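This report concerns only the one structure given below.
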Number of protein chains: 2
Amino acid sequence: MIATPRRFVKRPLIPLTSVQVARNRVTLADVARSAGVSTTAASFVLSGRGAEMRISPDAEARVLRAAQETGYRPNIVSRSLRTGTSRTIGFVSDTVATTPFAGHLIWGALDAARDREHLLFIGETEGDQELETQLIEAMHDRGVDGIVFASMYTRELDLPAGLTHRPAVLLNAVPTQPVAITCVVPDEFEAGRSAVNALLRAGHRERIAIIGAAPPDDTPEGSLAAVQRLDGIVQAMAEAGVELADAVPCPDWQPDIGYEATRLLMQRTRPSGIVCFNDRLALGAYQAIAEAGLTVPGDVSVVSFDDDLLATWLRPHLTTVALPHYELGREAITALLDAPQSPSGGAPGPTIRRIPMPLRERDSVQQLRAPRPSRPSRRPLTPR
Amino acid sequence: MIATPRRFVKRPLIPLTSVQVARNRVTLADVARSAGVSTTAASFVLSGRGAEMRISPDAEARVLRAAQETGYRPNIVSRSLRTGTSRTIGFVSDTVATTPFAGHLIWGALDAARDREHLLFIGETEGDQELETQLIEAMHDRGVDGIVFASMYTRELDLPAGLTHRPAVLLNAVPTQPVAITCVVPDEFEAGRSAVNALLRAGHRERIAIIGAAPPDDTPEGSLAAVQRLDGIVQAMAEAGVELADAVPCPDWQPDIGYEATRLLMQRTRPSGIVCFNDRLALGAYQAIAEAGLTVPGDVSVVSFDDDLLATWLRPHLTTVALPHYELGREAITALLDAPQSPSGGAPGPTIRRIPMPLRERDSVQQLRAPRPSRPSRRPLTPR
DNA sequence: TTGTAGGCGTTATCAC
DNA sequence: GTGATAACGCCTACAA
């Protein structure tokens, strides 16, 4: 009665409903029966606590074998009902489609989730506040262990209802309210410094211009990226003792706007180096520069932000400061799963984790003269 | 004992585990208690079958009000355990990140799912067969109602294990095996016809060349899109009685390849119209044409496929046949949810739903002379 | 060392 | 017309 693995023996007849779902999965009870032990024993063995519970090695082996042979997989739905944990995370963002970035954000999140044996629900809100709440509720209805709430461009946002009750992480965003929540954002300020520094290091000092925003604070509405990139640029230039030659603010960062802005720039200051606030603007800049009969980087050097796919499609390849979307996605999931259970675990404000934005040096910056002996870089002393 | 809504009355003390999850949701029992009826009655009312079960109007009203007031939301996990349906769908694709298209595919799927009150699990396989199986199993462990298995470019694929047991739909792919499964794919063949026809309609007849594949069958490995676009192009030209002037096959459809291919073309045949097999190739073509001191569309007209974001970034805007990613995503979910329950519901082979690829006419095609009086277009008589 | 039993929240059966 | 009651699959306190 012990040795013979009797699979699928008389399962109790269940009253079939008119439309009965096919349930042909192997259950824990099946495994236990097949191994000749109780479901309790089987449960302990399969959760790795067989030794702890002092199950006999023989019984343990039988359970393991039975599970193997029957291809048993635990039903996470029922486990979730019992334990309240579903190995499932909700990923809600304002956009998954319009920007190619979204893919990498999700990619990183998926990878991190997979490492921890979690699955991801995806939801898109298109910025609709009611939809945000609905999605978050729908996910909680399905027992998610936590939610990552993501924005596609770095910004401040009002925390949607339902996020605060259970574990949550903000991705690419910080809350307007002073709530205790973990935020994962790219380090846009350092990125601003990196971008101009690429130009400064190559010897550009005279005619550096920027496209996308203008000091002190002419930036696209609500874009934290714009503000912080600008801050970084301004600070790095001040440190180097270099004047900003020109700046064209842009309401929207699209190629045609970059094109017009650059035409304006070429008439006004004819810069030798341009920092574009993203790669699309840079595409427009390339077009305008070519149209003026000039070349990149021979006549004009161009640096940019984002490291869009576009950056390596352009000729010459564009030097740009990358948004580390993959890392951002990863970090958000990691932070969520590693978070202490209590949301009230510390200071009464957000915990902000800044992810570095690496400079991708390519072919759009002209080396003007031998690099100056680098003096020890003076990093800012004031906290941001 | 009836009228007073007593919420949160003595819930039975449950033995707390060491780490007990906070369960502060309102349950059906809470609602029933609050309305002074049994959970059965409450269940029937809330599932809209109150009348059918002849619940008194008064009781029904009380239940509805109690649910409203307490903000009751059904726990889908437990419902799923009981009924086997989770209002959840798995979306597994080989890539969500590398191509911007993926976003629109997912977008359409999300929208369709939301219309039907379903949530989407997302998974990425990177083409790894073991990962495919793991993901599909992980989703079934969580009780998904079905799975959409998506490819990012149209192709044939081996059906991964675990897909056939429960409802599934193939997106952007057809199975190599003759299994009964619904497939949703873009109509690449008609797209091929549309592309050349845009050129032919504009009066181009002499020097039409193509970049990306060459007749009869020099196409990138495994790409159904390449084969079918080529077929469509060849057929449309044959119908119009026009010879193909030149063709450059490309192993990979990237900008630099398009650039080189176009340079070759300009030396060899100096075409007046080029059909590029995707927009990235077209970007390369633009670059090569400009470098040769020629203009689009003045000297060379360009048509393409995909309607990448790129298409409207280029100057002039690119005429291209769009991949309807949003529609594809929508259709896959719709097909999945509308599918008859039995997988063995018909012919022993895939059911293929072809989604039209619309031509986006923009500024890269030059009208050569007044359009010829269109003779009735001879559509193919042979089935594909 | 192993098994029994109860409960997670819902739905469905079947007596009253 | 309504309300116990059982069951979905899993986990675990507790009894044996």
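Residue numbers begin at 1 in each chain, while the letters A, B, ... track the order of the sequences. Just so it is clear, the model here is predicted, and its values are computed rather than measured.
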> Quick one: B:R87 CZ to C:dT10 P, roughly how many Å, whole number?
Replying inline: 14 Å

>> Please classify the nucleic acid contact of A:V37 as base, sugar-phosphate, or nothing, using heavy-atom distances under 4.0 Å.
In response: sugar-phosphate

> Can you name the residues that form a salt bridge (Lys or Arg N to Asp or Glu O under 4.0 Å) with A:D145, not counting sequence neighbours?
Replying inline: none

>> So does A:T83 get a backbone contact from the side chain of A:T85, meaning a donor-acceptor N/O pair under 3.5 Å?
In response: no

>> Whole angstroms only, please: what is the CZ-P distance between A:F44 and C:dG3?
In response: 12 Å

> Within the pair B:S56 and D:dT2, is there a side-chain N or O less than 4.0 Å away from OP1 or OP2?
Replying inline: yes

> Taking five pairs at each end, how big is the angle between the two axes of the helix from C:dT1-D:dA16 to C:dC16-D:dG1, to 10°?
Replying inline: 60°

> Any donor-acceptor pair under 3.5 Å linking the side chain of A:D30 with the backbone of A:T27?
Replying inline: yes

> For A:T40, which contact category applies under a 4.0 Å heavy-atom criterion: base, sugar-phosphate, or nothing?
Replying inline: base

>> How many whole angstroms separate atom CZ of B:R62 from atom C1' of D:dT2?
In response: 12 Å

> If you find the nucleotide of DNA chain C closest to A:A59 and the one closest to A:T39, which residue's nucleotide is nearer the 5' end?
Replying inline: A:A59

> A:F121 and A:F91: ring pair (Phe, Tyr, Trp, His ring centres under 6.0 Å), yes or no, with the steps?
Replying inline: CA-CA 6 Å; A:F121 278 122; A:F91 187 102; over 10 Å; no

> Just to confirm, is there a sub-4.0 Å distance from OP1 or OP2 of D:dC11 to any side-chain nitrogen or oxygen of A:S43?
Replying inline: yes

> Going by an N to O cut-off under 4.0 Å, is there a salt bridge joining A:R25 and B:D141?
Replying inline: yes

> What residues form a salt bridge (Lys or Arg N to Asp or Glu O under 4.0 Å) with A:R49, not counting sequence neighbours?
Replying inline: none

> Do the side chain of A:R54 and the base of C:dT1 come within less than 3.5 angstrom through a donor-acceptor pair of N or O atoms?
Replying inline: no

> Does the D:dC11 base have a donor-acceptor partner in the side chain of A:R82 within less than 3.5 Å?
Replying inline: yes

> Taking CZ from A:R79 and P from D:dC11, how many angstroms apart are they, rounded to a whole number?
Replying inline: 5 Å

> Contact class for B:I55 (heavy atom, under 4.0 Å): base, sugar-phosphate, or nothing?
Replying inline: sugar-phosphate

